[in-house]
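Remarks on the structure that follows.
From a predicted model like this one, the values you see are computed outputs, not experimental measurements. By convention here, the first residue in the shown sequence is residue 1.
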Amino acid sequence: MTTPDPADARPTAPEDDVAPPDQTERVILQAAEEAGGLAAPRDLLVVGDATGALTAAALAALAGHDRARVRSWTVSRTEALALAERFAAEVATGRLLLPTAREPLSLDEFAAGTDARLMLARLPKALSALEELARGAAALAGGDGRDMVIVAGGRTKHMTRRQNEVLARSFAEVRASRGLGKSRALIAAAPRPDRPAPQAASGEAAVPVRGQERVLPLRARGGVFGGARPDAGSLLLLEALDRALVAGEVTAEAAVDLGSGSGLLTAYLAAALPAAQVLGSDDDADAVASTRATLAAAGLERDGVAVTWDAALAGAEADSADLVLLNPPFHDGTAVDATLVQGLLDAAARVLRPGGQLWFVHNSHLRYRPELAARIGPVRQRARDRRFTVLSAVRD
Ligand SMILES: C[S@@+](CC[C@H](N)C(=O)[O-])C[C@H]1O[C@@H](n2cnc3c(N)ncnc32)[C@H](O)[C@@H]1O
């Protein structure tokens, strides 16, 4: 997920509560004007618009061009739904297209057939996400020599030469814009015909499955959390959970991996509970594609195993699961977005049947026991090391 830097200096918001573009968004729009302008009578692409400001600017630029559309794509279902709510009128008239279908679409699938030549984007945090974005954008130019220009901005302190190099693998011309305050944009033009094809990254994880060590392959697309490497917290959770399964302390006919990332926990559930319904679910379209690729690589696709693109299990039925696994998102490794985790705990509480269990892993220096007790039910500590703590809670 791409989140705006809270340090972005916003001018005072107007009364109607729609914030004006922040500094990064302003530098993107300024660089786009200098690169030829937004107001061409053709589609505009927007990517990763966490605030809606770029989409709003693109819609304003296309006013009066009846056949041109704004296509605003994001990996985050939460972001896509927020844009759909804010721009409901423009969606209804067909002026704005958003990836709000149940199934996630890659950028080039979503924008297939567009005549757009310009993409406005916030630079994603992960280089692998930028790589996929660049390849997706270059693919949209087609093989007929049409140009495609990406204008992608970020906070200068988060920008590195590696981002230029990644863009340069798919585009022949890459340069930086003038800075605006503490933000800057990169401009990439002239898609390379010889760019490499998109590929999932590969890795593996050794995990106990009902007491036997098994090596599960991992696949990672775009900016998915952790890439194709297993997360140490997830490994600690799986060791403890597997002991409990072997001991008969945990049984499940329906199990959920909430926030499945590259799919390690989903793959474990599919392997360790061969008769169970297993659901992997994530807000991030890259995670959904990664989890599916991991299941396929492990030979664990079967009836009853599903992966959904969903914000906090919104599409899952209440009281439908006996077991929910959650390795929640932490920001910058230490600081926690408490409301995000609370929302996911509430989602787990809603989806668990009474008597069902949540298994949860968190950084050991943080305290989650009271939160789980209040939102789910009685809590037990299942494992702890210097970095991570695994808790289980029974839904009361
Ligand atoms: C720390 S990662 C864990 C990934 C994986 N389960 C693992 O153990 O390696 C947290 C995951 O939660 C997802 N996530 C964040 N907010 C979410 C939400 N509201 N609904 C569903 N998933 C969410 C993120 O996209 C990310 O893939």
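By the side-chain contact (heavy atoms from CB on, under 4.5 Å) test, Asp231 is found to be paired with Phe225, Ser234, Asn327, residues two or more places apart in sequence or in another chain being considered. Applying the side-chain contact (heavy atoms from CB on, under 4.5 Å) rule to Ala35 yields no partners; only residues at least two apart in sequence or on another chain are considered. Partners of Thr160 according to the side-chain contact (heavy atoms from CB on, under 4.5 Å) rule, which considers only residues two or more places apart in sequence or in another chain, are Arg162, Gln163. Shown here are the side-chain hydrogen bond (donor to acceptor under 3.5 Å, both in side chains) partners of Asp286, two or more places apart in sequence or in another chain: there are none. Glu131 meets the side-chain hydrogen bond (donor to acceptor under 3.5 Å, both in side chains) test with Arg135, Arg169; sequence neighbours excluded. In terms of the side-chain hydrogen bond (donor to acceptor under 3.5 Å, both in side chains) criterion, residue partners of Arg382 (sequence neighbours excluded) are, by chain and number, Glu249, Ser392. Listed by chain and residue number, Asp322 satisfy the side-chain hydrogen bond (donor to acceptor under 3.5 Å, both in side chains) test with Arg353 (two or more places apart in sequence, or in another chain). The side-chain contact (heavy atoms from CB on, under 4.5 Å) test applied to Arg350 returns Leu313, Ala318, not counting sequence neighbours.
In terms of modelled atom types and a separation under 3.5 Å, the side chain of Arg367 and the main chain of His365 share no donor-acceptor contact. Between the Ser290 side chain and the Arg221 main chain, a donor and an acceptor come within less than 3.5 Å of each other. With hydrogens and angles ignored, the 3.5 Å screen pairs a side-chain donor or acceptor of Ser364 with a backbone N or O of Asp385. Listed for the Asp283 side chain is a donor-acceptor partner under 3.5 Å among the backbone atoms of Thr78. The backbone N or O of Ala101 lies less than 3.5 Å from no partner atom in the side chain of Trp309, so there is not a single donor-acceptor pair. Of the possible donor and acceptor atoms, none in the side chain of Asn363 sits under 3.5 Å from a partner among the backbone N and O of Phe388. The closest donor-acceptor contact from the side chain of Arg387 to the backbone of Gly233 lies at 3.5 Å or more, if one exists at all. Checking side-chain atoms of Asp282 against main-chain N and O of Ala287 turns up no donor-acceptor pair under 3.5 Å. Judged by distance alone, the side chain of Arg95 and the main-chain N or O of Leu62 form a donor-acceptor pair under 3.5 Å. The closest donor-acceptor contact from the side chain of Thr114 to the backbone of Ala116 lies under 3.5 Å.
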Residues 197-214, side-chain donor-acceptor partners within the protein, below 3.5 Å, at least two apart:
unit_1 : atom_1 : unit_2 : atom_2 : d
Arg210 : NE     : Ala272 : O      : 2.8
Arg210 : NH2    : Ala272 : O      : 3.2

Distance-only check: which donor-acceptor pairs under 3.5 Å involve side-chain atoms of residues 251-260, not counting sequence neighbours?
unit_1 : atom_1 : unit_2 : atom_2 : d
Asp257 : OD2    : Thr266 : N      : 3.0
Asp257 : OD2    : Thr266 : OG1    : 2.7
Ser260 : OG     : Thr291 : OG1    : 2.9

Would you tabulate the side-chain donor-acceptor contacts of residues 173-182 under 3.5 Å, counting partners in other chains and residues two or more places apart, or write 'none'?
unit_1 : atom_1 : unit_2 : atom_2 : d
Ser177 : OG     : Ala185 : N      : 2.9
Ser177 : OG     : Ala185 : O      : 3.3
Arg178 : NH2    : Glu34  : OE2    : 2.5

Can you list, pair by pair, the side-chain donor-acceptor contacts under 3.5 Å of residues 83-93, counting residues two or more places apart and other chains?
unit_1 : atom_1 : unit_2 : atom_2 : d
Arg86  : NH1    : Thr51  : O      : 2.8
Thr93  : OG1    : Ala89  : O      : 3.4
Thr93  : OG1    : Glu90  : O      : 3.1

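Other residues, nucleotides and ligands contribute more than 12 heavy atoms inside 6.0 Å of the CZ atom of Arg302. Environment of CD in Gln277: sparse, with no more than 12 heavy atoms of neighbouring residues, nucleotides or ligands closer than 6.0 Å.
Of the N and O atoms on the side chains of Ser72 and Asp49, not one donor lies less than 3.5 Å from an acceptor on the other residue. Judged purely by distance below 3.5 Å, without hydrogens or angles, the side chains of Arg219 and Thr294 never pair a donor atom with an acceptor atom.
Between Leu167 and Leu186 there is a side-chain heavy-atom pair separated by less than 4.5 Å. Side-chain contact between Val307 and Ser281: absent, with no pair of heavy atoms (C-beta onward) separated by less than 4.5 Å. The shortest side-chain heavy-atom distance between Met159 and Asn164 does not fall under the 4.5 Å cut-off.
Rounding to the nearest 0.5 Å gives a distance of 12.0 Å between CZ of Arg184 and CZ of Arg155.
Ion pairing between Glu371 and Arg375 holds under the 4.0 Å rule for side-chain N and carboxylate O. With respect to the salt-bridge test (charged N to carboxylate O, under 4.0 angstrom), the residues Asp115 and Arg67 do not qualify.
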